[in-house]
Amino acid sequence: MFARRALQAARPLARSFSVQPVARKDFIQELYIKELKAYKPTSTPSAAGAVKSYSTPSAPKAPEVPSADQLAKELAEYDSATVASDSSAPSASASAEDADNLGADEYLKLVEADVVVEKKH
């Protein structure tokens, strides 16, 4: 039995298997690599004229604090200024005071009435 096994082990196999895969060519990959190798980049023009040199901005000026005399003068001018009064303001306040003294029916009529806006020229 031992001799038979040794004889079988020494005999070559009738069928042999290839370890290397079949060489297949990938035409797309070869074409891509060929084009990559043939590519010559074109030089771009210099951007030296298109870029401005950086300079730091100037420091801001400190605000000026007015003196006491200037403040007093401005306050005096403000106090002496007259306020322009509007002629329609007293009539609006008068109608509002009249509305407080009206009864419910008169108040509703006053509210539902059309608003008359005076045109100023």
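Each residue takes its place number in the sequence, starting with 1. This structure is a prediction, so every number in the text was calculated from the model and none was measured.
The number of heavy atoms from other shown groups lying within 6.0 Å of CD (Glu77) is above 12. Around the CD atom of Glu64, the shell of radius 6.0 Å holds no more than 12 heavy atoms that belong to other residues, nucleotides or ligands. Counting non-hydrogen atoms of other residues, nucleotides and ligands closer than 6.0 Å to CG of Asp105 gives a total of 12 or fewer. In this structure, Ile28 places its CD1 atom where only 12 or fewer heavy-atom neighbours from other residues, nucleotides or ligands lie under 6.0 Å away.
Membership of an apolar cluster is not assigned to Val65, as no side-chain contact below 4.5 Å to another ILVMFWY residue is traced.
With sequence neighbours left out, the side chain to side chain contact (heavy atoms under 4.5 Å, CB included) criterion links Ser67 to Asp69, Gln70.
Minimum interatomic distance between Glu106 and Gly103 (heavy atoms only, all atoms of both residues): OE1-N, 2.9 Å.
Atom OH of Tyr107 and atom CD of Glu112 lie 11.0 Å apart (nearest 0.5 Å).
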